[in-house]
Amino acid sequence: MSSRRSSPKARSKSGASRAASTPTPRTCPCGLSEVYEACCGRYHSGGGAAPTAAPTAEALMRSRYSAFVMRDEAYLLRSWHPRTRPADVAFDTTMRWTGLEILETRDGSAFHTTGTVTFRASFRGGSMHERSRFERVDGAWVYVDGEFLD
């Protein structure tokens with residue numbers, strides 16, 4: 001009888017430890033309900049393959065926000081317009097991004113060559129309100145510059 005009791009417990013313990021050691025997919029930092037790898041992660045790293053290009057200015061904006069959260073300097077520089085791209089990205093290691101809200105998108109679809117995205121990016125202790133400009137360079141959307149609002 002005691003072996004019956006210990007057997008289910010042993011099974012549940014081993015099952016629980018296996019489940020705990022299996023990594024769970026993370027929701028994308030950009031605020032969409034998809035997991036990171038299927039959302040912005042495919043633009044950042046391509047899941048081991050060549051990265052996919054963001055199809056719209058808004059998708060690029062979301063992926064760049066996620067890149068700031070993940071501190072992916074290579075992606076940020078790669079998705080920056082060559083005319084305005086800095087030499088490097090200086091991350092504030094004390095900043096903790098907490099959310100992205102897209103307020104307005106103008107143009108920036110597959111049928112446009114320019115677009116703007118107005119957003120509010122929240123961080124622990126405050127938020128940043130910006131209107132960002134995007135252009136297509138060699139068919140790919142890139143970030144040009146932004147205007148801080150408020």
**Student:** Quick one: pull up NE2 in His44 and OG in Ser63 and give me the separation to the nearest 0.5 Å.
**Tutor:**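 With rounding to 0.5 Å, NE2 (His44) is 5.0 Å from OG (Ser63).
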**Student:** For Trp97, is the NZ or CZ atom of Arg124 found under 6.0 angstrom from the centre of its six-membered ring and inside 45 degrees of the ring axis?
**Tutor:**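 Judged by the rule (NZ or CZ under 6.0 Å from the ring centre, within 45° of its axis), Arg124 is not positioned above Trp97.
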**Student:** Closest heavy-atom contact between Ser66 and Cys30?
**Tutor:**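 Closest heavy-atom pair between Ser66 and Cys30: OG-N, 3.3 Å.
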**Student:** Are the side chains of Tyr36 and Cys28 in contact, using a 4.5 Å heavy-atom criterion?
**Tutor:**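 Touching, per the 4.5 Å side-chain cut-off.
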**Student:** So how far is it from Phe119 CZ to Ile102 CD1, rounded to the nearest 0.5 Å?
**Tutor:**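 Going from the CZ atom of Phe119 to the CD1 atom of Ile102 covers 7.5 Å.
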**Student:** Do you know which two heavy atoms are closest between Tyr43 and Pro55, and how far apart they sit?
**Tutor:**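 Result for this residue pair: OH-CD, 3.3 Å.
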**Student:** What about Val35 and Leu32, same hydrophobic cluster or not, with Ile/Leu/Val/Met/Phe/Trp/Tyr joined at side-chain heavy-atom distances under 4.5 Å?
**Tutor:**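 No, because Val35 and Leu32 fall into different hydrophobic clusters, even though each may have its own neighbours under 4.5 Å.
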**Student:** Just verifying a value: how many Å separate Arg64 CZ and Phe134 CZ, rounded to the nearest 0.5 Å?
**Tutor:**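 So the gap between those two atoms works out to 7.0 Å.
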**Student:** Looking at residues at least two apart in the chain, or sitting in another chain, which of them share a side-chain hydrogen bond (donor to acceptor under 3.5 Å, both in side chains) with Glu58?
**Tutor:**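 Checked Glu58 against side-chain hydrogen bond (donor to acceptor under 3.5 Å, both in side chains); matches are Arg62, Thr105.
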**Student:** Does any part of the side chain of Met70, heavy atoms only, come nearer than 4.5 Å to the side chain of Arg26, both counted from C-beta?
**Tutor:**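 Arg26 vs Met70: side chains touch.
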**Student:** Do His112 and Ser109 have side-chain N/O donor and acceptor atoms under 3.5 Å apart?
**Tutor:**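 The criterion, which ignores hydrogens and geometry beyond distance, is satisfied for Ser109 and His112.
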**Student:** Using every non-hydrogen atom in the two residues, find where Ser79 and Leu60 come nearest and quote the distance to one decimal.
**Tutor:**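 Of all heavy-atom pairs spanning Ser79 and Leu60, the closest is CB-CD1, 3.7 Å.
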**Student:** List the residues meeting side-chain hydrogen bond (donor to acceptor under 3.5 Å, both in side chains) with Thr93, not counting sequence neighbours, and say none if there are none.
**Tutor:**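 None.
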**Student:** What's the verdict on side chain to side chain contact (heavy atoms under 4.5 Å, CB included) for Tyr75 and Val89, showing C-alpha distance, side-chain angles and the deciding distance?
**Tutor:** CA-CA 10 Å; Tyr75 178 75; Val89 178; over 6 Å; no
**Student:** Determine whether a donor-acceptor pair (N or O, by modelled atom type, separation under 3.5 Å) exists between the side chain of Arg136 and the backbone of Thr113.
**Tutor:**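 No: the side chain of Arg136 does not pair with the backbone of Thr113.
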**Student:** CZ/Arg96 to OG1/Thr98 distance, rounded to the nearest 0.5 angstrom?
**Tutor:**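 Arg96 atom CZ to Thr98 atom OG1 measures 11.5 Å (nearest 0.5 Å).
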**Student:** Can you give the donor-acceptor pairs under 3.5 Å from side chains of residues 142-150 to other protein atoms, not counting sequence neighbours?
**Tutor:**
unit_1, atom_1, unit_2, atom_2, d
Tyr143, OH, Glu130, OE2, 3.3
Tyr143, OH, Gly146, N, 3.1
Asp145, OD1, Arg133, NE, 2.7
Asp145, OD1, Arg133, NH2, 3.4
Asp145, OD2, Arg133, NH2, 3.1
Glu147, OE1, Arg131, NH1, 3.4
Asp150, OD2, His129, ND1, 2.8

**Student:** Between Arg71 and Glu73, does any side-chain N to carboxylate O distance fall below 4.0 Å?
**Tutor:**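 Salt bridge absent between Arg71 and Glu73.
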**Student:** Are the side chains of Pro86 and Leu77 in touch, meaning some heavy atoms are under 4.5 Å apart?
**Tutor:**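 Yes. Closest side-chain heavy atoms under 4.5 Å.
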**Student:** Rounded at 0.5 Å granularity, tell me how far OG1 in Thr56 sits from CG in Asp107.
**Tutor:**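 One finds 12.0 Å between OG1 of Thr56 and CG of Asp107.
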**Student:** Say whether Leu100 and Leu103 are linked into one hydrophobic cluster, either directly or through other cluster members, by side-chain heavy-atom distances under 4.5 angstrom.
**Tutor:**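 No, separate clusters.
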**Student:** Taking the basic N atoms (NZ, or NE/NH1/NH2) and the acidic carboxylate oxygens, is any pair closer than 4.0 Å for Glu135 and Arg83?
**Tutor:**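 Looking at Glu135 and Arg83, the cut-off is met.
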**Student:** Roughly how far, to the nearest 0.5 Å, is OG of Ser122 from CZ of Arg120?
**Tutor:**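 Reported to 0.5 Å precision, the distance equals 7.5 Å.
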